[in-house]
Number of protein chains: 2
Amino acid sequence: MSCAYEAFTADCPSRRLLEAIGNKWVSLSIVALGVHGPLRYGELAAQIEGVSQKMLTQSLRRMERDGLVTRTVTPSVPVRTDYELTPLGRSLLPLLHELKDWAQEHMPAVDAARAEYDAAAPSR
Amino acid sequence: MSCAYEAFTADCPSRRLLEAIGNKWVSLSIVALGVHGPLRYGELAAQIEGVSQKMLTQSLRRMERDGLVTRTVTPSVPVRTDYELTPLGRSLLPLLHELKDWAQEHMPAVDAARAEYDAAAPSR
DNA sequence: CTGGATCCAGCCGGATACTG
DNA sequence: CAGTATCCGGCTGGATCCAG
């Protein structure tokens with residue numbers, strides 16, 4: 001690639017972005033929206049087990065700011081808010097799926113490595 | 001995939017792993033080791049600008065525990081320590097490269113989205 | 001040279017209460 | 001329903017000093 005080394009400099013754009021999408025809730029939100037299409041706030045919260053509403057809102061705001069999702073508020077009573085991936089956000093889907101697939105495929109190996117490592121010197 | 005929804009449960013293995021490799025220093029270390037081959041501790045530290053030795057050591061220990069890298073200590077004076085990717089760690093390279101490429105390709109779009117978002121309501 | 005140990009500021013993130 | 005606001009404990013991560 002044109003700048004293979006640039007991610008290793010402190011202020012490289014790709015590094016900032018890596019931090020942005022490296023976030024756990026961000027990636028899970030993108031995958032959830034990719035799988036299920038547009039989702040309401042509450043539906044997203046239900047999909048992503050264990051997320052607090054603070055973290056979910058915070059993540060969604062950041063994703064909206066970064067142009068990864070759109071936020072559509074319907075001023076009914078009660079209010080309805082839908083989140084949907086932008087084309088930019090959708091372009092991340094294949095990568096995240098690969099990452100997720102890798103995790104699910106190789107987790108046993110990692111668990112084995114951990115067990116062996118911990119068994120070798122429990123004190124560590 | 002066989003269990004598309006499992007990463008959304010709180011204690012799913014893939015979620016733990018996502019946290020492990022989602023770490024900034026971990027992914028940068030893997031890419032660095034993938035590009036340059038085995039590296040000494042100091043060489044790694046020099047490659048990854050901005051990392052503290054505490055964080056680098058911590059990341060390397062975690063990666064070693066997870067079976068992603070091997071740590072080889074040569075008891076000379078001074079001590080020499082080499083880190084190298086395991087096959088498991090190497091299998092992550094394509095994914096991380098894609099992620100890095102995506103970041104470098106789409107960063108302008110993200111920056112534009114941010115600028116627009118911030119311009120719309122500076123108070124946010 | 002490669003780290004371990006410690007101190008400490010700052011942010012992350014959960015719980016709770018309140019609002020339109 | 002979909003947030004915002006606030007409090008606060010705990011962990012992250014940098015700086016520094018020390019050791020094999």
Side-chain angles (χ1 to χ4, degrees), chain A residues 8-11 15-16 18-29 32-33 36 38-65 69-84 117 120-124, chain B residues 8 10-11 15-16 18-29 32-33 36 38-65 69-84 117 121-124:
Chain A
F8 295 102
T9 66
D11 59 348
R15 191 121 128 200
R16 286 182 292 140
L18 233 23
E19 293 181 52
I21 63 175
N23 178 285
K24 177 169 59 172
W25 306 126
V26 168
S27 50
L28 286 174
S29 297
L33 289 171
H36 299 92
L39 287 177
R40 301 183 56 173
Y41 179 86
E43 295 171 330
L44 253 179
Q47 285 291 322
I48 305 175
E49 190 173 313
V51 69
S52 67
Q53 109 287 50
K54 176 184 173 180
M55 282 303 101
L56 183 55
T57 298
Q58 197 175 97
S59 300
L60 287 169
R61 285 293 175 285
R62 195 158 44 206
M63 292 161 67
E64 187 194 0
R65 177 170 182 256
V69 301
T70 56
R71 176 169 175 267
T72 310
V73 179
T74 307
S76 54
V77 179
V79 176
R80 172 193 178 96
T81 310
D82 288 276
Y83 292 92
E84 186 172 8
Y117 184 93
S123 57
R124 292 185 300 196
Chain B
F8 295 103
D11 59 349
R15 191 121 129 198
R16 288 181 292 139
L18 233 24
E19 293 182 50
I21 64 175
N23 179 285
K24 177 169 59 172
W25 306 126
V26 167
S27 50
L28 286 174
S29 296
L33 288 171
H36 299 90
L39 287 177
R40 301 184 56 174
Y41 178 85
E43 295 171 331
L44 253 177
Q47 285 291 323
I48 305 175
E49 190 174 312
V51 68
S52 68
Q53 115 283 54
K54 176 184 174 180
M55 283 304 100
L56 182 56
T57 298
Q58 198 174 98
S59 301
L60 287 169
R61 285 292 174 285
R62 195 156 46 205
M63 292 162 68
E64 188 194 0
R65 178 170 181 255
V69 300
T70 57
R71 176 169 174 266
T72 310
V73 179
T74 306
S76 53
V77 178
V79 177
R80 171 193 178 98
T81 310
D82 287 276
Y83 292 92
E84 185 171 9
Y117 185 92
S123 57
R124 293 183 299 196

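Lettering follows sequence order; numbering is per chain, from 1. The shown structure was predicted, so the numbers you read here are calculated from the model rather than taken from an experiment.
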**Q.** Smallest separation among heavy atoms of B:Gln47 and B:Leu39, with atom names
**A.** CG-CD1, 4.2 Å

(Q) With a cut-off of less than 4.0 Å, is there a side-chain N or O of A:Arg40 near OP1 or OP2 of D:dA2? (A) yes

Q: Keeping the roles fixed (side chain from B:Tyr41, backbone from B:Gln53), state whether a donor-acceptor pair exists under 3.5 Å.
A: yes

Q. For residues 54-62 of chain B, which residues have at least one heavy atom under 4.0 Å from DNA chain D?
A. B:Lys54, B:Met55

Q: Take the protein atom CG of B:Leu39 and the nucleotide atom P of C:dG3, then report the distance between them rounded to whole Å.
A: 13 Å

Q) Within less than 4.0 Å of OP1 or OP2 of C:dA15, is there a side-chain N or O belonging to A:Ser52? A) no

Q) Which nucleotide in the list D:dG13, C:dG14, C:dA5 gets nearest to the side chain of B:Asn23? A) D:dG13

Q. Which atom names give the shortest non-hydrogen contact between A:Arg62 and A:Asn23, and what distance separates them?
A. NH2-ND2, 3.4 Å

Q. Of the options A:Val51, A:Leu28, A:Asp82, A:Leu60, which is the one that meets A:Leu44 in a side-chain contact (heavy atoms from CB on, under 4.5 Å)?
A. A:Leu60

Q | Whether A:Thr57 side chain and A:Lys54 backbone form a donor-acceptor pair below 3.5 Å | A | no

**Q.** Residue pair A:Pro38 / A:Glu43: nearest heavy atoms and the distance that separates them
**A.** O-OE1, 4.5 Å

**Q.** For atom CD of B:Glu43 and atom C1' of C:dC1, their distance in whole Å
**A.** 12 Å

Q. Can you check the A:Glu64 CD to D:dG3 P distance for me, whole Å?
A. 9 Å

Q. Does B:Tyr83 put a side-chain nitrogen or oxygen below 4.0 Å from OP1 or OP2 of C:dG3?
A. yes

Q.
In whole Å, I'd like the distance from the CD atom of B:Gln53 to the P atom of C:dC1.
A. 13 Å

Q. Among D:dG14, D:dC1, D:dG3, which is the nearest nucleotide to the side chain of A:Arg71?
A. D:dG3

Q: Working to the nearest 0.5 Å, report the span between CD1 of A:Ile48 and NZ of A:Lys24.
A: 11.0 Å

**Q.** N or O in side chain of A:Tyr41 less than 4.0 angstrom from D:dT4 OP1/OP2
**A.** no

(Q) The side chain of A:Trp25 is closest to which nucleotide in this list: C:dG14, C:dT16, C:dT2? (A) C:dG14

